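Protein chains get the first letters and strands the later ones, always in sequence-line order, with residue 1 at the start of each. In this text, all values refer to a predicted model and were calculated from it rather than measured experimentally.
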Amino acid sequence: MKDEIESRDDRVANLKGMGCSRKRVEDARFTQGKGNYVDDLKLDGMLFGDFVRSPYAHARVVSINTEEALKVPGVLAVLTAADLEPLGLHWMPTLAGDKQMVLADGKVLFQGQEVAFVVAEDRYAAADGIELVEVEYDELPVIVDPFESLKSDVVLREDLVAEDGGLPDGAHGPRKHHNHIFTWEAGDKEPTEQVLAEADVVATETMYYHRTHPCPLETCGCVASMDKVNGKLTLWGTFQAPHAIRTVVSLISGIEEHNIRVISPDIGGGFGNKVGAYPGYVCSVVASIVTGKPVKWIEDRMDNLMTTAFARDYHMTGRISATKEGKITGLHCHVTADHGGFDACADPTKFPAGFMNICTGSYDIPTAYLEVDGVYTNKAPGGVSYRCSFRVTEAVYFIERMIEVLAIELNMDAAELRRINFIKKEQFPYTAALGWEYDSGDYHTAWDKALKTVDYDGLRAEQAQRVEDFKAGKTRKLMGIGLSFFTEIVGAGPVKNCDILGLGMFDSCEIRIHPTGSAIARLGTISQGQGHATTFAQILASEIGLPADSITIEEGDTDTAPYGLGTYGSRSTPVAGAATAMAGRKIRAKAQMIAAYLLEVHDNDVEFDVDRFVVKGAPERFKTMKDIAFAAYNQAIPGIEPGLEAVSYYDPPNMTYPFGAYVCVMDIDVDTGVPEIRRFYALDDCGTRINPMIIEGQVHGGLTEALAVALGQEIAYDDMGNVKTGTLMDFFLPTAWEVPNYETDFTVTPSPHHPIGAKGVGESPHVGGVPCFSNAVQDAFRPFGNRHTNMPHDHWRIWQTANKLGLHD
Amino acid sequence: MIPAAFEYYRPSDMAGVIALLEEHGDDARVMAGGHSLIPMMKLRMADVPHLIDLQGLSGLSDITVDTDSIRIGALVTQTDIIRHEGLAAVAPILRETALQIADPQVRNMGTVGGNVANGDPGNDMPGLMQCLNASFTLVGPDGERDVAARAFYEAAYMTAREDDEVLTTVSIPLPEGGYAYEKQKRKIGDYATAAAAVQITKTGEICAAASIAMTNLSDTPVFSEAASMALVGTSIDGTALSAAVSAMLGDIDPTEDNRGPVAFKNHVAGVILRRAIERAWSRA
């Protein structure tokens with residue numbers, strides 16, 4: 001028999017389980033243009049809807065005349081707020097506990113806001129109809145600066161001011177001003193002030209983490225199809241959280257949840273942009289109910305950049321204290337967060353500033369305090385976590401800049417300052433001053449490995465020589481060494497403190513083993529390119545002993561997949577991956593009973609071995625999982641139900657805390673402001689590694705988005721609230737040309753509480769990469785007196801830094 | 001990003017093109033590769049009720065290298081320019097420039113004729129053609145005429161071409177000496193923050209002739225005669241470089257945009273020109 005001559009190593013290899021660089025099963029269709037994205041969907045009689053959008057950032061809507069638009073051949077209807085009001089759908093709840101206009105209800109609050117929805121037989125007629133909708137606006141004063149907003153008499157949100165002028169509490173407590181949304185605090189204020197007052201050294205810095213956008217290659221969109229015969233609504237869309245969308249649609253539309261089927265087909269990148277609920281979804285559903293036909297809505301690139309879910313826009317002020325020797329004693333952080341016209345941040349409900357309170361970073365900081373003020377302005381709503389867990393990029397950028405500034409204050413090497421302050425291996429599990437319990441880590445090992453690999457001391461010597469050469473007029477290029485050490489907080493999250501609008505943030509997996517020994521597993525998550533169909537099959541292969549190639553992974557259809565909260569915040573592996581392993585273990589437990597019966601021994605006398613159960617002490621007596629699967633369905637086994645299926649809902653006991661050490665070496669042309677990345681080294685510790693090839697791909701992608709944000713990518717507004725970067729000509733998306741070769745490396749510190757020890761990796765490189773690129777730019781100018789300059793470090797801003805330091809004189 | 005409705009024509013001879021232009025006046029536009037015009041139509045910034053595709057015409061896709069001049073048909077693509085070995089041998093600056101335009105996909109479609117005729121100050125070929133003292137052949141109802149590249153550009157998107165004329169050929173006197181097209185841009189696919197085209201000849205160690213043109217630093221390309229003259233008769237030393245830069249700065253008029261403020265653009269224009277001159281001189 002073949003099984004008998006196969007070695008154990010061969011059997012392990014045959015599974016392509018955890019640790020195998022299995023090729024992505026998705027890529028055959030993606031690389032051949034055979035993906036199935038929402039805009040590929042074509043249904044009989046399908047209509048197309050699109051928006052009339054506001055050209056103004058703040059204006060009263062005096063009147064809307066749809067007469068001429070309705071004369072365009074093919075235009076069937078033009079919906080306005082007045083049409084949605086009787087249904088109670090002219091406003092919708094946001095994920096942050098605020099509400100947002102679906103269509104302009106008397107005024108507009110940002111450029112590009114949805115004013116009317118034109119429904120037509122095709123997208124060409126819709127575009128022509130949009131041109132002919134006449135909207136009369138009465139312009140209002142525009143506020144694009146949150147600090148100005150908090151001082152302004154101009155009321156942006158009249159709906160949030162009581163008739164007597166009083167300010168009702170917001171979703172997160174009392175409000176200080178009519179344009180103020182919330183104040184959120186973590187840590188201890190008074191003790192932190194005391195520590196700072198008594199410290200040897202205090203470094204203070206103010207920094208702006210600019211507004212940017214996730215900009216997935218595929219924009220947002222949906223197809224809504226209301227079947228009036230059976231009363232069922234099917235909604236296909238670019239949803240990162242299809243189940244949550246189903247629940248939200250049910251809650252706001254009143255359609256019972258069993259009559260709603262939400263399907264996320266292939267998704268061309270999300271990066272947080274596709275977490276929220278958008279007016280396009282609501283209008284498509286309404287239009288389908290009204291017309292009885294399927295209605296498609298797809299954003300174009302400008303719609304996407306200008307209106308759906310931006311990221312960042314945090315004004316941060318930090319104070320960090322230390323002893324003369326460099327031991328950090330305290331940290332104070334204040335954030336003024338610009339949320340735009342509506343608070344539509346996608347965060348767990350109890351965390352209006354996300355996990356910004358991870359801002360003590362990888363350091364043992366005994367005392368800390370964080371205060372965040374959310375503010376309304378005339379900018380697009382959003383505030384999503386662009387390739388990061390909730391606001392973690394902001395937190396890590398903040399602390400990694402504060403460390404650099406403190407190093408300058410102490411006149412100390414920034415690598416050494418980090419080493420002195422890292423949380424030590426033996427301190428884990430470590431409870432940080434701002435509340436989180438870090439599950440595991442070995443920062444010193446990772447840091448030492450990184451610095452040794454890049455020859456850090458050699459780089460510093462080379463940099464010192466470069467400074468001498470520059471001063472002597474021998475070169476016009478400076479050299480920067482960017483360092484960053486980050487700790488992510490991912491895998492939201494424990495239901496006890498993580499929910500979105502009351503929906504607990506567990507996740508799920510359901511497995512069906514087929515009689516011939518293959519399987520299908522369905523999860524509550526949805527891949528947007530991360531390779532779930534590949535990696536989750538690998539987890540299962542190792543757990544249940546069937547080859548990954550014999551396991552189909554399916555996600556995204558709420559009629560078939562178990563309930564889950566979706567994919568963002570690197571939560572798929574930490575939460576759904578755990579559910580997958582746990583469901584697999586249930587399969588294995590039943591398989592063990594079946595195997596024992598077939599082998600005519602007691603349950604405890606068989607043990608699992610790669611792909612089979614063997615009789616203890618007699619490995620020649622075994623039943624493969626394939627044998628067991630067949631028996632499960634086809635043999636009457638006393639006391640055991642037929643079939644081999646399992647489902648697991650996993651509520652994680654804690655978050656996971658991946659970490660990493662990055663180094664960037666950059667040469668900067670002082671005269672043109674052009675940076676050139678000579679080297680980028682990225683060491684990631686994501687715990688147990690499921691598929692090293694996919695990890696490497698994720699790291700490359702995350703670093704590239706980090707490069708983009710650090711070196712040029714922004715959503716910029718002028719004083720009138722006009723978006724200045726609404727196309728890919730001005731919004732920086734790096735190509736292969738702008739991207740350096742990345743060197744990747746790893747250490748492995750498994751999560752102690754995760755069933756397979758995995759921590760998640762998709763977002764780490766973005767979180768750690770942004771400060772690393774930024775620190776490289778800033779470090780190049782440190783010898784000439786630079787302390788901090790804001791991102792994005794595009795050519796002219798780098799040039800401006802050099803200019804202000806007198807390097808062009 | 002959906003254009004308004006338009007009529008599409010694909011005539012097979014120039015007479016057909018001219019007839020359509022005469023009939024529809026400024027309601028009609030001709031299109032070569034479409035990589036400037038189509039995006040403008042999709043943004044509904046260009047209203048073109050009658051679009052005339054030139055791709056049905058023959059005889060506009062040739063590159064001819066003669067003993068004293070080069071002729072490039074209006075439908076020659078940037079990729080054709082890059083791949084043409086004969087052209088690279090006699091006028092390597094054309095390949096050097098074309099390689100810095102957009103990306104390979106755009107270069108496969110984008111044409112030299114469209115690039116020079118559209119009058120977009122961000123386009124690279126107009127400045128290059130001014131540097132090379134090229135002339136453009138325009139065909140209209142009254143026949144053909146030639147206009148010098150240095151006299152062609154009036155303002156952004158405004159040129160000496162009449163609405164009923166078609167730019168058919170670019171003629172370039174065979175360039176001599178060293179060359180450089182130096183361009184700073186934010187990323188692949190971007191227009192220049194600043195770009196300089198330089199062609200330079202020497203006699204012994206002295207500059208005999210020079211031609212300098214700048215891209216995307218005014219509402220038209222800028223041929224800087226003063227900067228060119230500042231080099232002639234010098235050994236391209238520091239003084240000459242500074243004089244050329246200073247003269248060039250007197251001729252450009254950049255405006256602030258997302259690439260940066262005026263002071264930055266002026267500074268980078270100087271740096272880029274200096275580098276272009278030095279590179280061209282090293283090749284002279």
>> Shorter than 4.5 Å, heavy atoms on both sides: which option in A/Trp799, A/Trp737, A/Tyr124 has the most such pairs with chain B?
In response: A/Trp799

> With a 4.0 Å cut-off, would you call B/Arg186 and A/Asp730 a salt bridge?
Replying inline: yes

> Taking every heavy-atom pair that is under 4.5 Å apart, which of A/Gly673, A/Ala127, A/Ala716, A/Gly712 has the most such pairs with chain B?
Replying inline: A/Ala127

>> For a 4.5 angstrom cut-off between non-hydrogen side-chain atoms, does B/Lys265 reach A/Trp796?
In response: no

>> Other residues, nucleotides and ligands only: do more than 12 of their heavy atoms fall within 6.0 Å of CD on B/Gln105?
In response: no

> Quick one: side-chain contact (heavy atoms from CB on, under 4.5 Å) partners of A/Thr219, sequence neighbours excluded?
Replying inline: A/Ile298, A/Glu299, A/Arg301, A/Asn304

>> Which atoms of A/Arg123 are under 4.5 Å from chain B, going by heavy atoms: the side chain, the backbone, both sets, or neither?
In response: both

> Checking heavy atoms, do the side chain of B/Ala194, its backbone, both or neither come under 4.5 Å from chain A?
Replying inline: neither

> Looking at OH of B/Tyr191 and CE of A/Met729, how far apart are the two atoms once the value is rounded to the nearest 0.5 Å?
Replying inline: 4.5 Å

>> Among A/Asp300, A/Thr735, A/Leu728, which residue has the highest count of heavy-atom pairs closer than 4.5 Å to chain B?
In response: A/Asp300

> Is it the side chain or the backbone of B/Arg275 that comes within 4.5 Å of chain A heavy atoms, both, or neither?
Replying inline: side chain

> Can you name the residues of residues 248-261 of chain B that have some heavy atom under 4.5 Å away from a heavy atom in chain A?
Replying inline: B/Asn258, B/Arg259, B/Gly260, B/Pro261

> Is the number of heavy atoms from other residues, nucleotides or ligands under 6.0 Å of B/Arg44 CZ greater than 12?
Replying inline: yes

> Side chain, backbone, both or neither: which part of A/Gln800 has a non-hydrogen atom closer than 4.5 Å to chain B?
Replying inline: neither

> What distance separates B/Ile188 CD1 from A/Leu733 CG, expressed to the nearest 0.5 Å?
Replying inline: 13.5 Å

> Is the number of heavy atoms from other residues, nucleotides or ligands under 6.0 Å of B/Asp237 CG greater than 12?
Replying inline: yes

> What option among A/Asp50, A/Asp669, A/Ile130 has the most heavy-atom pairs under 4.5 Å with chain B?
Replying inline: A/Asp669

> chain A heavy atoms under 4.5 Å from B/Lys42: which part of the residue, side chain, backbone, both or neither?
Replying inline: neither

> Between atom CZ of B/Phe264 and atom OG1 of A/Thr672, what is the distance when rounded to the nearest 0.5 Å?
Replying inline: 7.0 Å

> Is the shortest distance from a Lys or Arg side-chain nitrogen in B/Lys187 or A/Asp794 to a carboxylate oxygen in the other one below 4.0 Å?
Replying inline: no

